[in-house]
Protein chains: 4
Amino acid sequence: MTEKKRRKPTQKRAQATVEAILEAAFQILEAEGLNNLTTNHIAERAGVSIGTLYQYFEDRDAILLAIAQKESDEIRQLVTEIILETPEISSIRAIVRALIHGPQGSPETRIALSDVLFRNGGATEMSRQHLALLASLQESADVELNLGREATFILTHAAIYLLRAAAAEPELELDTNILEDEIVYLMESYINNLSMRSTRTD
Amino acid sequence: MTEKKRRKPTQKRAQATVEAILEAAFQILEAEGLNNLTTNHIAERAGVSIGTLYQYFEDRDAILLAIAQKESDEIRQLVTEIILETPEISSIRAIVRALIHGPQGSPETRIALSDVLFRNGGATEMSRQHLALLASLQESADVELNLGREATFILTHAAIYLLRAAAAEPELELDTNILEDEIVYLMESYINNLSMRSTRTD
Amino acid sequence: MTEKKRRKPTQKRAQATVEAILEAAFQILEAEGLNNLTTNHIAERAGVSIGTLYQYFEDRDAILLAIAQKESDEIRQLVTEIILETPEISSIRAIVRALIHGPQGSPETRIALSDVLFRNGGATEMSRQHLALLASLQESADVELNLGREATFILTHAAIYLLRAAAAEPELELDTNILEDEIVYLMESYINNLSMRSTRTD
Amino acid sequence: MTEKKRRKPTQKRAQATVEAILEAAFQILEAEGLNNLTTNHIAERAGVSIGTLYQYFEDRDAILLAIAQKESDEIRQLVTEIILETPEISSIRAIVRALIHGPQGSPETRIALSDVLFRNGGATEMSRQHLALLASLQESADVELNLGREATFILTHAAIYLLRAAAAEPELELDTNILEDEIVYLMESYINNLSMRSTRTD
DNA sequence: GATGAATGAGAGTTCATTCAT
DNA sequence: CATGAATGAACTCTCATTCAT
């Protein structure tokens, strides 16, 4: 009854409003950081009133979440594209490459976005991404892997968190191509290790 | 010049006050999260006035930083203790074990603390920890490793970030013993991979 | 860029709000002095929330400045009115009379207001007032005055500062009419002195 | 009974402490302005504890007052010295010269000190200075001046406030020698004017 | 649907002053 | 006499959010 409903933008104009808000928020996040990402600021930059903003978004976090989900989708998409374009590379490399080149924005932006994704349904949204990742990885292995929870966790998180850490420390001046190689090596050698153990166990 | 100096606690009473503040801050962080960790709240819980708090800490962040540095020291200490107690285990396992059992507090607490450590001298304080880690790892390898920046980065960050991620997702119910094993495998197989490449290159 | 913009009151309601804030501030300044002129106090007296206050004024000083500028304008206006109403009196007397009767409020209020005017663009806003004053004075002299910087300074500051001092020492119980006469004498005799010197010098 | 007594420094060591406090306060006032002149800051700079400071001074204002009175004394002294050294100059010029060269410190410092002098017994301490000034001026006049309250006020305040204003506006780059001349002219021509009126009236 | 004026809890912080040691 | 740890009222200012227009 008393629940406030947020309008779902079905009309074209409304769609444009939502886009403007998300775009404005992203720009501010990039240019001025999470601390200056205030709702009033976003509304002003988007050219809408603060009241309008609140008709489309429950609260400040919802805006960030929308941006993050959009990026998340784009990365999934990118994995597929990479595999289609260069079918000779391994799934692992495709994933790592997508994780490197997909996300836009500065380190701070990336962290803010992955944080919000985590806060809002860490067990839901984010792990969906991880599980998709895992499915791809399974294909890479010669033998069927006998994965425990912990190995699964490592396979689905290592690349993501290492790349997040790399993004957060730009002063290390890591070469993205080499980094791609090394992370691929890291994961492949771990999968080999898992295979050996699986074989032995069987 | 313009810096306000904070008193360094020389008297016994002052020492106790500082301890009380840090302890109170830690408890609040645990029980109520980073958002409710306000300076007034800390002072109240510590049983001191807000003015007293500000005599010893520049600002809110300084309190967090102090806690984080204390924990950081404790972990370094723990690595040493583990190696002394169980000399048969590898350096890698000692480090991973210390990283698992060292940090106190909930996932959110750990993240907040590692964040503050990173914010305040990401290239200073934190990498000191990483480099010490690296030195230990070098000893584990049979051949002298020929490490590029990117491989170094992976070696020094993989365990830390994976464990941070694990702490952040308690709903996965990971078994810490198994997790320790798997991370050790991950790193050992990567080091083997590096060794093989080093050998070939030589 | 980093400047926070303050809303300019476009709606009628907003105009009234700004008026209420200025009025409240003036009353408090009168009744309780500059030290008790806190932003919370002003907002409360004005019947608006503290947040509203800060939407229209950058900070506490900006409120004082707004009041001072308003008064400053009123005095300029008053000089003109006096000359129109009593065209037989000299410019000097008109200015002195305006300076005596124009400013509202207690001595402390006047000083606070002239201080804030001085702080914010001492070389800008305030000297504009002084220069206008000077232009009027020049007309009073028979011969064209040959004014050095220092004489100019005296002409433009003597009346203002003496009246400010008089306002600051109400216990002297100075009669404003006589004071007006004496200050006019002071300035006229100085201008005569300047004229004599100018004549001689030519 | 319950009245707090402030110690009068009779011993040598105590004298030194008081001196150190006043000196420290003056330096801070000069270097960092009235806003940063905190009691803790003064005590630290003076090398004494805050508790000690409060044994010699009732409150923060008392420190400023002590400095101001010291300066005030020095100026009175300076007038005498100037007259003794250069007996040919008029009393007026001696006073003006002393007011120009006597006070130490930046404009802000001077204003702060004259303000405190005024606040604490505007009718007492400060007018004592003014009356001494007036006595000297009376001697300069040929005929006995028949001074009303208002004329007295002008004679005793004009020079002081004009010089204070001049000090407050260093950007005008007034030449102190010329300023001395002009203020002397201002006052002399006013005294002449007064004389003429006195003569006529008699 | 859109607007933007208004809200207000509450954050961080300062500093004159006291008093137990 | 000196110390300096402790006090806490008071202050400025922010920003997510609401709701009358």
Side-chain angles (χ1 to χ4, degrees), chain A residues 4 7 9 11 13-14 17 35-44 48-63, chain B residues 4 7-18 35-44 47-61, chain C residues 4 7 9-18 35-44 47-61, chain D residues 4 7 9 11 13-14 17 35-44 48-61 63:
Chain A
K4 311 273 168 174
R7 196 172 312 283
Q11 301 182 2
R13 185 157 54 118
T17 301
N35 277 350
N36 295 317
L37 187 73
T38 69
T39 50
N40 282 296
H41 202 161
I42 294 171
E44 191 189 19
V48 300
S49 74
I50 182 65
T52 299
L53 184 151
Y54 272 91
Q55 290 208 319
Y56 293 107
F57 296 95
E58 177 80 25
D59 56 23
R60 182 174 166 279
D61 237 42
I63 299 171
Chain B
K4 312 271 170 177
R7 200 181 302 281
K8 267 193 190 169
T10 50
Q11 298 187 2
K12 227 189 302 174
R13 183 163 51 133
Q15 277 288 5
T17 300
V18 168
N35 278 349
N36 295 317
L37 187 74
T38 69
T39 50
N40 281 301
H41 204 158
I42 295 170
E44 192 187 17
V48 300
S49 76
I50 183 65
T52 297
L53 184 152
Y54 275 95
Q55 288 209 325
Y56 297 106
F57 297 96
E58 178 80 26
D59 54 24
R60 183 174 162 278
D61 234 43
Chain C
K4 311 273 169 176
R7 200 180 301 280
T10 50
Q11 298 186 1
K12 228 190 300 175
R13 184 163 52 131
Q15 277 289 5
T17 300
V18 167
N35 277 349
N36 295 317
L37 187 73
T38 70
T39 50
N40 281 304
H41 203 158
I42 295 170
E44 192 186 16
V48 300
S49 76
I50 183 65
T52 297
L53 184 151
Y54 275 93
Q55 289 209 325
Y56 298 106
F57 296 97
E58 178 79 26
D59 55 23
R60 183 173 162 278
D61 233 45
Chain D
K4 311 275 165 174
R7 195 172 310 285
Q11 299 181 5
R13 186 158 53 119
T17 300
N35 277 350
N36 295 318
L37 188 74
T38 69
T39 52
N40 283 296
H41 202 160
I42 294 170
E44 190 189 18
V48 301
S49 74
I50 183 66
T52 299
L53 184 151
Y54 272 91
Q55 291 207 318
Y56 294 107
F57 295 96
E58 178 79 25
D59 56 22
R60 183 174 164 278
D61 236 42
I63 299 172

(request) Give the intermediate values and the outcome of side-chain contact (heavy atoms from CB on, under 4.5 Å) for residues D:L53 and D:I63. (result) CA-CA 9 Å; D:L53 184 151; D:I63 299 172; 3.8 Å; yes
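With the nearest nucleotide of DNA chain F identified for both B:G51 and C:G51, B:G51 has the one nearer the 5' end. Nearest-nucleotide positions on DNA chain E place C:I50 closer to the 5' end than the other of C:I50 and B:N40. Residues C:N36 and B:T17 both approach DNA chain F. Their nearest nucleotides, taken by heavy-atom distance, put B:T17 toward the 5′ side.
Of all heavy-atom pairs between A:H41 and A:N36, the closest is ND1-O, 3.2 Å.
B:T38 comes within contact range of the sugar-phosphate backbone alone, with a heavy-atom separation under 4.0 Å but no base atom that close. At the heavy-atom level, B:T39 lies under 4.0 Å from base atoms of the strands shown.
Atom name P, nucleotides F:dT21 and E:dG1: the rounded distance is 23 Å, in whole Å.
Among the duplex regions that DNA chain F forms, those built from at least three successive Watson-Crick or G-U pairs under 3.5 Å are E:2-21 with F:2-21, ordered by first number.
Under 4.0 angstrom from either OP1 or OP2 of E:dG4 there lies no side-chain N or O belonging to A:S49. Distances shown here put a side-chain N or O of D:Q55 below 4.0 Å from the OP1 or OP2 atom of F:dA2. Between D:T52 and F:dT3 there is a side-chain polar atom (N or O) within less than 4.0 angstrom of OP1 or OP2. Between B:Y54 and F:dT7 there is no side-chain polar atom (N or O) within less than 4.0 angstrom of OP1 or OP2.
A 4.5 Å side-chain heavy-atom check between B:F57 and B:V18 finds at least one atom pair inside the cut-off. Using a 4.5 Å cut-off on side-chain heavy atoms (C-beta onward), D:V48 and D:I42 make no contact.
Open room surrounds CG on A:N35; 12 or fewer heavy atoms of other groups in view lie less than 6.0 Å from it.
Considering only side-chain atoms of A:R60, the nucleotide from E:dA6, F:dA16, E:dA16 that sits closest is F:dA16.
Under the side-chain hydrogen bond (donor to acceptor under 3.5 Å, both in side chains) criterion, C:T52 pairs with C:S49, sequence neighbours left out. For C:D59, the salt bridge (charged side-chain N to carboxylate O under 4.0 Å, His left out) criterion is met by no residue, not counting sequence neighbours.
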